[in-house]
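Below is one structure; the comments refer to it alone.
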Amino acid sequence: MAEPFVEIRKTHRPGDAAHICYEVYDGDTGGSLGYFDKESDAQHRADSMNGMVERETGKRLDRPTQNAEVE
């Protein structure tokens with residue numbers, strides 16, 4: 001992979017195991033960039049962050065498979 005990536009993971013909202021949401025996850029830092037109820041909102045955030053990295057580094061990112069499942 002050219003650079004670290006930001007991906008979307010389908011997960012449970014912290015503190016509420018009954019609430020399914022989409023986490024935008026930073027593969028570089030190993031941290032969350034936020035939780036979203038709508039997959040489209042999470043995708044927009046991930047695309048924005050990945051695009052910023054590509055512009056700053058001049059390198060194309062190898063994109064991960066969308067919707068990685070986490071527990």
Side-chain angles (χ1 to χ4, degrees):
M1 180 165 30
E3 293 290 330
F5 57 86
V6 174
E7 69 177 340
I8 298 171
R9 304 191 309 182
K10 187 175 181 181
T11 188
H12 301 280
R13 188 170 294 277
D16 185 1
H19 188 125
I20 301 295
C21 65
Y22 300 90
E23 176 185 23
V24 178
Y25 178 80
D26 185 337
D28 181 33
T29 66
S32 177
L33 297 174
Y35 294 90
F36 299 84
D37 291 326
K38 293 182 183 177
E39 182 179 11
S40 61
D41 292 342
Q43 185 65 55
H44 182 268
R45 176 73 168 148
D47 289 345
S48 174
M49 295 299 293
N50 282 324
M52 182 176 60
V53 169
E54 287 176 337
R55 284 188 301 278
E56 288 178 356
T57 64
K59 297 178 183 176
R60 175 99 175 124
L61 297 177
D62 293 332
R63 303 298 172 118
T65 302
Q66 294 301 315
N67 298 326
E69 298 270 343
V70 296
E71 303 206 14

Next on the checklist: Quick check for you: to the nearest 0.5 Å, what is the distance between Gln43 atom CD and Ser48 atom OG?
Outcome noted: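 The OG atom of Ser48 is 11.5 Å from CD of Gln43, to the nearest 0.5 Å.
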Next on the checklist: With rounding to the nearest 0.5 angstrom, report the CD to CD1 distance, Glu39 to Ile8.
Outcome noted: 6.0 Å
Checklist entry - Under 3.5 Å, is there a donor-acceptor pair between the side chain of Asp26 and the main chain of Gly31? => result no
Checklist entry - Counting heavy atoms not belonging to His19, are there more than 12 under 6.0 Å from its NE2? => result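 Yes, NE2 of His19 has more than 12 neighbouring heavy atoms, counting only those of other groups under 6.0 Å.
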Item to check | Minimum heavy-atom distance Ser32-Gly34, with the two atoms named | outcome: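 Where Ser32 meets Gly34 most closely, the heavy atoms are OG-N, 3.1 Å.
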Mind checking whether [X] and [Y] have side chains closer than 4.5 Å, heavy atoms only?
X: Thr11; Y: Tyr35; result: yes
X: His12; Y: Ile20; result: yes
X: Arg13; Y: Asp37; result: yes

Checklist entry - Honestly curious: do Tyr25 and Met52 fall in one hydrophobic cluster under the side-chain, below-4.5 Å linking rule? => result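 No, Tyr25 and Met52 fall in different hydrophobic clusters.
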